[in-house]
Amino acid sequence: MMVLTKKMIEIRSILQKVGQSSSLTLPSIVVIGSQSSGKSSVLEAIVGHEFLPKGNNMVTRRPIELTLVNTPDSPEEYGEFPDLGLRKISDFSSIQRTLTELNLAVSDAECVSHDPIHLTIYSRNVPDLSLIDLPGYIQVVGQNQPLQLKQKISELCDKYIQPPNVILAISAADVDLANSAALRASRRVDPRGERTIGVITKMDLVDPARGATILNDPQYPLRLGYVGVVSKAPTSQGLFKMGSSDLLSTIAKNENSFFSSHPLEFGPDAGVNVGTINLRKTLMRVLEQTMSSSLQSTSDAIRQELEEATYEFKVQYNDRPLSAESYLAESLDAFKHSFKQFTEEFGRPEMHELLKSELDQKVLDLLASRYWNKPVTDLAPAKYDLDNIADLPKADPDSLYWRRQLDASTSALTKLGVGRLATTVIASSLQAHVDKLLTNSSFVSHPFAKKAIVEAASTILNERFYSTSDQVENCIKPFKFDIEIDEREWNHGREHVGSVLKKELQDCEAALASLEPAVGGRRKLKEVMAFIDKARKGDITVEGDGRSGAGGFSAALLSKGREAIFLRDRADIIKMRMLAVKAKQCNNPKNKYYCPEVFLDAAATKLASTAVLFLNVELLSEFYYNFPRELDLRLGRHLSADEVEKFAKEDPKIRRHLDVIRKKELLELVLEKMDSLRQLEGRDREQGANG
Ligand code: GDP
């Protein structure tokens, strides 16, 4: 029938995608022989090209799983290394180079590797065959080779010469067959000689009569017989480059003239099998038969593998269908949905709150620098402090000093770059929210998609940044000249700043408390603070500036003490100001010079409200509109199938799920093919029996 091998080779390439499983290996022809027995020459003659690594330095170090595919309708001849993604190499010397590199990549120390090289050759001049070339058996271990090399090669060969594989045992005619490593190995695993083909090379090197005896009267009889060959192309032709596809015909011609010149020994009546063409036919026939007889057991193995995959799919994945595309689409939809939800929760009020609390901090900084700060820089008596606050002008609305203080503070507030600040605050908050949504989405285990999403957000935000920031700055411009606060705004500010001050007081007290353990306890802190207080009042004199230690305290301790005093005084001032804000004199905007805290808070609210109006139009709405579109662009339809697959498989859970489904589908496909092959076979056999 001779189509079985072809079909089985197709099936094998599908099975290879499922993943190597020894129960699923289809029969191949395994080529074994001692070094220099002519193994490569035989293989190259069959393929019709020189393509195997050559050299003295043990150049075959990995199994080469060679698949020959007959392509009768195409004049093209080429090889492919599917594992390397190398396709359609028409230059056979380039195939040879690649094989040499792959083999020599195995180090001298390791010398052989079990990891096979897959090579497929397509040509109309090759039969459908699957052959495995293995490192040659060696007699003596070379100088730079590991001692256990012989053992290693033998183990590797043993792995491959198991059933259902056919063994092609190569021996040279000029070496006593009793010494043939190939036949010895084959005999061990196939003692009855049922699946071994004997090849005797170098028939030209022995006397024809002796050659015929070797073929006719072997000590190790083989059901599939021996074939004698002369697989070396005659040297005279080697001088000019042969059209390499002629290799087989050159060899065949040479063999023909050799064998036909000894008709007695090798002629039709001699009962021996000779010639590479004959060998090729034998290989095809034997492989076809072997494939045929292993159809049943292979089908069974595949069916069992399929059952296991089906079971796993059911138990682990609840029979839930999944594809890389559907997974990506669902993940994207879910993410966009969560984003939509976020857009409903994050609007003007939320932006206002964020921005206002940022401005609250700025207001506190201004209050501190303009109103509250009292330097505690050295141990000399303070120029002023809480006790001699009377040094300051009286808090009188008409006092120029206080007017200037408030005007300067207001001006600093409006000119601090509200546009930039507001845009930064909102943009980083949006980016942070996207990050958070990502963390809670299925994209969290997909670095590629995560990066795409983060970039989608930052691209839009960056594009809008400058114009938004300018717009906001522009629209708060009038406030740089004048800020009118009405009664309602004042009252609101008064209430709000009360809570800001309260929070600041808590922070201050917490910071003070945290100093205690740092200096070795509350008592110690109290002591050093008392010392500094006394020094500042001038009650005691301190030599030098106290920076190198004073009063029995180390410099570090004194520095902590100063920090504590600063915090204590700050807390005192804040308490005082909290009372002031609540007091009657702060109950209306006319008294703003008494109450800079209230005024600045109300001013900050005005700035925030105005900024938010523009942020909403310029940044937020734009972002909400464009972000989902940008996501579609980056993760949507324009991704290639490979990219989608790569994305989905980034998540190990999804990868396993997809692998099981794919395995199941491929096995189902293979089984279907096998079943129809078996039916074909059955019909053929019936016809054969009837006819
Ligand atoms: P391998 O090490 O088993 O792959 O052996 P090669 O195919 O490289 O052959 C070893 C040497 O034997 C090479 O120099 C070949 O040219 C030579 N050789 C192979 N087959 C024959 C043959 O049938 N007759 C002769 N005379 N030489 C051969």
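Heavy-atom basis, side chains included; hydrogens, waters and symmetry copies ignored. One is the number of the first residue; the rest follow in order along the sequence.
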Subject >> Lys152, NZ: over 12 other non-hydrogen atoms inside 6.0 angstrom >> reply: yes
Original post:
Does Ser34 reach the main-chain N or O of Ser37 with its side chain, forming a donor-acceptor pair under 3.5 Å?
Top reply: no
Subject >> For Leu205, side chain to side chain contact (heavy atoms under 4.5 Å, CB included) partners two or more places apart >> reply: Asp174, Lys202
Original post:
Which heavy-atom pair separates Leu26 from Met8 by the least distance, and what is that distance?
Top reply: CD1-O, 3.2 Å
Original post:
Any idea which heavy atoms bring Ser445 and Asp651 closest together, and the distance?
Top reply: OG-OD2, 3.2 Å
**OP:** Could you grab the distance from atom CG of Asn273 to atom CG of Asn278, nearest 0.5 Å is fine?
**Re:** 4.5 Å
Original post:
Which heavy-atom pair separates Leu247 from Gly48 by the least distance, and what is that distance?
Top reply: CB-O, 3.4 Å
**OP:** Taking the six-membered ring for Trp and the full ring for Phe, Tyr or His, determine whether the centres of Tyr160 and His114 are under 6.0 Å apart.
**Re:** no
**OP:** Tell me, with the steps shown, if Lys7 and Leu680 meet side chain to side chain contact (heavy atoms under 4.5 Å, CB included).
**Re:** CA-CA 12 Å; Lys7 296 277 173 216; Leu680 251 177; over 6 Å; no
Original post:
Any idea which heavy atoms bring Pro116 and Glu65 closest together, and the distance?
Top reply: CB-OE2, 3.4 Å
**OP:** Starting at NE2 of His446, measure out to NZ of Lys646 and round the result to the nearest 0.5 Å.
**Re:** 12.5 Å
Original post:
Does any non-hydrogen side-chain atom of Leu66 lie less than 4.5 Å from one of Ile132?
Top reply: no
**OP:** Identify, with sequence neighbours excluded, every residue that meets side-chain hydrogen bond (donor to acceptor under 3.5 Å, both in side chains) alongside Ser171.
**Re:** Ser180
Original post:
Within a strict 4.5 Å, meaning less than it, do heavy atoms of the Ile197 and Val286 side chains meet?
Top reply: yes
Subject >> Test side chain to side chain donor-acceptor pair (under 3.5 Å) applied to Thr276 and Ser231, step by step >> reply: CA-CA 7 Å; Thr276 305; Ser231 49; 5.8 Å; no
Original post:
Can you name the salt bridge (charged side-chain N to carboxylate O under 4.0 Å, His left out) partners of Glu76, sequence neighbours left out?
Top reply: Lys88
Subject >> Donor-acceptor pair, side chain of Arg280 and main chain of Ile46, under 3.5 angstrom >> reply: yes
Original post:
Hey, what do you get for CD1 (Ile29) to CG (Leu283), rounding to the nearest 0.5 Å?
Top reply: 4.5 Å
Original post:
Is the shortest distance from a Lys or Arg side-chain nitrogen in Arg188 or Asp158 to a carboxylate oxygen in the other one below 4.0 Å?
Top reply: yes
Original post:
Under 3.5 Å, is there a donor-acceptor pair linking the side chains of Asp128 and Thr5?
Top reply: no
**OP:** Starting from the C-alpha separation in whole Å, work towards a yes-or-no answer on side chain to side chain contact (heavy atoms under 4.5 Å, CB included) for Leu671 and Leu306.
**Re:** CA-CA 9 Å; Leu671 206 58; Leu306 178 60; 3.9 Å; yes
**OP:** Please name the pair of heavy atoms, one in Ile277 and one in Glu255, separated by the smallest distance, quoted to 0.1 Å.
**Re:** N-OE1, 4.5 Å
Original post:
Hey, is NZ on Lys159 packed in by over 12 heavy atoms from elsewhere, all under 6.0 Å?
Top reply: yes
Subject >> Closest non-hydrogen atom pair between Leu639 and Arg634, with its separation >> reply: CD2-O, 3.8 Å
Original post:
Step by step, would you call Ser186 with Tyr220 a side chain to side chain donor-acceptor pair (under 3.5 Å)?
Top reply: CA-CA 10 Å; Ser186 159; Tyr220 172 38; 3.2 Å; yes
Original post:
Atom CD1 of Ile153 and atom CG of Leu134: how far apart are they, to the nearest 0.5 Å?
Top reply: 10.0 Å
**OP:** Spell out, as yes or no, whether a donor-acceptor pair under 3.5 Å connects the side chain of Asp190 to the backbone of Arg195.
**Re:** yes
Original post:
What residues form a salt bridge (charged side-chain N to carboxylate O under 4.0 Å, His left out) with Lys54, not counting sequence neighbours?
Top reply: Glu44, Glu50
Subject >> From CD1 (Ile89) to CD1 (Ile95), nearest 0.5 Å >> reply: 5.5 Å
Subject >> Contacts of type salt bridge (charged side-chain N to carboxylate O under 4.0 Å, His left out), residue Glu194, not counting sequence neighbours >> reply: Arg192
Could you go through residues 659-669 and list every donor-acceptor pair under 3.5 Å that involves a side-chain atom there, pairing it with any protein atom two or more places apart or in another chain?
from	atom 1	to	atom 2	distance (Å)
Asp659	OD1	Lys649	NZ	3.3

Original post:
Atom CD1 of Ile64 and atom CG of Leu102: how far apart are they, to the nearest 0.5 Å?
Top reply: 8.5 Å
Original post:
Arg223 and Thr196: side-chain donor and acceptor closer than 3.5 Å?
Top reply: no
Could you pull out every donor-acceptor pair under 3.5 Å between side chains of residues 259-271 and any protein atom, sequence neighbours left out?
from	atom 1	to	atom 2	distance (Å)
Ser260	OG	Asn256	O	2.6
Ser261	OG	Ser257	O	3.0
Ser261	OG	Phe258	O	2.7

**OP:** Please identify each residue that fulfils side chain to side chain contact (heavy atoms under 4.5 Å, CB included) with Ser90, with sequence neighbours left out.
**Re:** Tyr78
Original post:
Counting only heavy atoms not in Gln304, do more than 12 fall under 6.0 Å of its CD?
Top reply: no
Original post:
Would you call Phe443 and Leu328 a side-chain contact if the rule is heavy atoms closer than 4.5 Å?
Top reply: yes
Original post:
side chain to side chain contact (heavy atoms under 4.5 Å, CB included) with Ser113: which residues, sequence neighbours excluded?
Top reply: Arg62, Val106, Glu110, Asp115
**OP:** Please check if the side chain of Asn165 supplies one atom and the backbone of Pro27 the other of a donor-acceptor pair under 3.5 Å.
**Re:** no
**OP:** May I have the step-by-step check of side chain to side chain donor-acceptor pair (under 3.5 Å) for Gln679 and Asp675, ending in yes or no?
**Re:** CA-CA 6 Å; Gln679 281 172 16; Asp675 282 347; over 6 Å; no
Original post:
Does Ala178 offer a backbone N or O that forms a donor-acceptor pair with the side chain of Gln219 under 3.5 Å?
Top reply: no
Subject >> Donor-acceptor side-chain pairing of Ser323 and Ser326 below 3.5 angstrom >> reply: yes
**OP:** For Asn318 and Arg320, indicate whether the former's side chain and the latter's backbone hold a donor-acceptor pair under 3.5 Å.
**Re:** no
Original post:
For Asp642 and Ser640, what are the C-alpha separation, side-chain angles and deciding distance, and is it a side chain to side chain donor-acceptor pair (under 3.5 Å)?
Top reply: CA-CA 5 Å; Asp642 279 354; Ser640 70; 5.4 Å; no
**OP:** Check side chain to side chain contact (heavy atoms under 4.5 Å, CB included) between Asp83 and all other residues, then give those that pass, not counting sequence neighbours.
**Re:** His118
Original post:
Between the main-chain N or O of Val126 and the side-chain N or O of Asn70, is there a donor-acceptor pair closer than 3.5 Å?
Top reply: yes
**OP:** Output every pair passing salt bridge (Lys or Arg N to Asp or Glu O under 4.0 Å) with a member in residues 130-151, not counting sequence neighbours, ordered by first then second residue.
**Re:** Lys39-Asp133
Original post:
Is there a donor-acceptor pair under 3.5 Å between the side chain of Ser123 and the backbone N or O of Asn125?
Top reply: yes
Subject >> Main-chain N/O of Tyr137 paired to Gln35 side chain as donor or acceptor, under 3.5 Å >> reply: no
Subject >> Residues that Ser74 engages under side-chain hydrogen bond (donor to acceptor under 3.5 Å, both in side chains), provided they are two or more places apart >> reply: none
